[in-house]
Amino acid sequence: MNDADNTQNSASQPLDERVNNRSQRPVSDAFKAFMASNWAPASKDLPGRDAVAGFAATRRKTVSAQFPGERLVIPAGPPKVRSNDCDYRFRPHSGFAHLTGLGLDHEPDAVLILDPVAEGTGDDGGTHRATLYFRPLAGRDTEQFYADSRSGEFWIGARPTLAEFEARLGLATAHLDGLESAITKNVGAPEIGGTSIRLVRKVDENIDALVDTARYNTAKDPDNLDMGALDALDEKLSEALSEVRLIKDAWEIEQMEVAVAATVEGFEEVVKSLPRALTHARGERVVEGAFFARAREVGNELGYDTIAAAGNNATVLHWTRNTGTVSAGELLLLDAGVEADSLYTADITRTLPANGTFTEIQRKVYEAVLDAADAGFAAARPGTRFREIHTAATTVLAERLASWGLLPVSVEEAISPEGQQHRRWMPHGTSHHLGLDVHDCAQAKRELYLDGILTEGMVFTIEPGLYFKNEDLAIPAEYRGIGVRIEDDILMTADGPVNLSAALPRKAEDVEDWMAGIYREADAGN
Ligand code: GLY
Ligand code: MN
Ligand code: MN
């Protein structure tokens, strides 16, 4: 389905309009009048306040306090074209979602503006007043209702009104028509009474251009704008939005629990799908599909592309092609996460024996990785540094590799900065922050992230692995084609780490029992 008129012949039709070549929509005034008439009025009932609203207000206040007197511009982003007039499913920028509390597909082209006001007169007595600019639902008597295939209710279903979002979010709302002037009004150097802007860049190129133009037009010496300094201003805002997400509030922790619970269900579905996967030419896709079905049924989406990797494919770190077979006797590495409707995602990996039982060598490698994960878990205490988790986990792996005779140097030499030979088989980091993004808080300063102190409210992964490729001639043949990762989602509390994904078994024998139990239940149901 697409939407455009067919009144022009192709010689006069501009090239960029020809994405809509299939349309048959008439353009007569009679048609327009008929289409805009005789529809039931939309409901005027307003929804209640979202549970997230107060939390989002606190987050905005934390950001506001760092930039008094400056206008902060945080776009959701536009729809992204997949091809011609077909878009990808829309997902807002995570910084926007965090500060508004909006999830699902809310809201293409929207922009949150925190406008500076005199100290104490802003929202909640702060220094900014927030307004959410978006394209509200158009009335059923308008052309947009039936003629706009990207935002009209007739085509894509009802969208929120200004009053609805205001009621749900406790946030002032305004029509996108007022956005340009809201962004550009009074822009200029503070020394001459102007307002300086900070923008989250590279989210919406129209807003980037608007801000660039406003800065250019109001600069004292426009032809010698210090673009580096302006980029640094903007980067500071992105950094702040990342850092404010390092500590999750109570609502976010609840959302992480929702995402993890849905992901656990997805893993159970995958185990159920394995007998079929074992007989299928693209067994990995059977696995991927089983998980995806669950993600869409109970959540919003996948938090990232699923890695469903069997046998040697499990040694390919970013194996998302998932075109391989799944064979009895192989390991299946499944790295998958459901994104909840709130857009928070889990990120869990389990490595399963495809036929339900580990071989001896698989078990040996699996237990080394599990021991490394447990060492990471033991190192994760409030007050220790984030990077200590990686050190603890990889030291265990280096020791194990040495005891198997695989390390070409001593453990001490391998774990020294000059060595690192063990990383041939464990090349990635052990932990990352997790939340709205699978790799959350990515723009935070190193001193707050890798060198940061583990603090109550942080959510992160622990995910060591060992990957022995078929092509690796530095190891005996018996190890080749084995890839193992165990990844859990951890909440730091004042009393220590809590494994949010503990509902999925971790020990080799527990994994085998869990799989057997799922098959027993399935058999009993038949
Ligand atoms: N699934 C991506 C990661 O584990 O970081
Ligand atoms: Mn991860
Ligand atoms: Mn993962």
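All ligand and atom numbering here is 1-based and tracks the order in the structure. Quantities reported herein were computed from a predicted structural model and do not represent experimental measurements.
Minimum-distance N/O/S atom of H432 relative to the Mn ion (ligand 2): NE2. The atom of E487 that is an N, O or S and sits closest to the Mn ion (ligand 3) is OE1. Looking at E463 and the Mn ion (ligand 2) together, the shortest N, O or S contact belongs to OE2.
Salt bridge absent: R89 and D105 never bring a charged side-chain N and a carboxylate O closer than 4.0 Å. Salt bridge E107/R159: present, at least one basic N to carboxylate O contact under 4.0 Å.
Every atom of ligand 1 is numbered from 1 in the order shown, and the set under 4.0 Å from a heavy atom of H432 is 3 (C), 4 (O), 5 (O). When each atom of ligand 1 is checked for a heavy atom of Y304 under 4.0 Å away, the hits are 1 (N).
Screening E239, E70, E235 for a salt bridge (charged side-chain N to carboxylate O under 4.0 Å, His left out) involving R198 leaves a single residue, E70.
Look at H439 and you'll find a heavy atom under 4.0 Å from some atom of ligand 1.
D335 contributes OD2 and D347 contributes OD1; the angle these two atoms make at the Mn ion (ligand 3) is 150°, rounded to 10°.
Aromatic ring orientation, F291 versus F267: perpendicular (interplanar angle above 60°, classes split at 30° and 60°).
Side-chain atoms of H93 never come within 3.5 Å of backbone atoms of G77 as a donor-acceptor pair (strictly under, hydrogens ignored). Between the side chain of K248 and the main chain of M458, no donor-acceptor pair closer than 3.5 Å is present.
Residue, atom and distance of the protein heavy atom nearest to atom 3 (C) of ligand 1 are D347 OD2, 3.3 Å.
Comparing T345, T461, D335 against atom 1 (N) of ligand 1, the shortest heavy-atom distance belongs to D335.
T345 and E339 are not linked by any side-chain donor-acceptor pair at a separation below 3.5 angstrom, with hydrogens and angles left out of the test.
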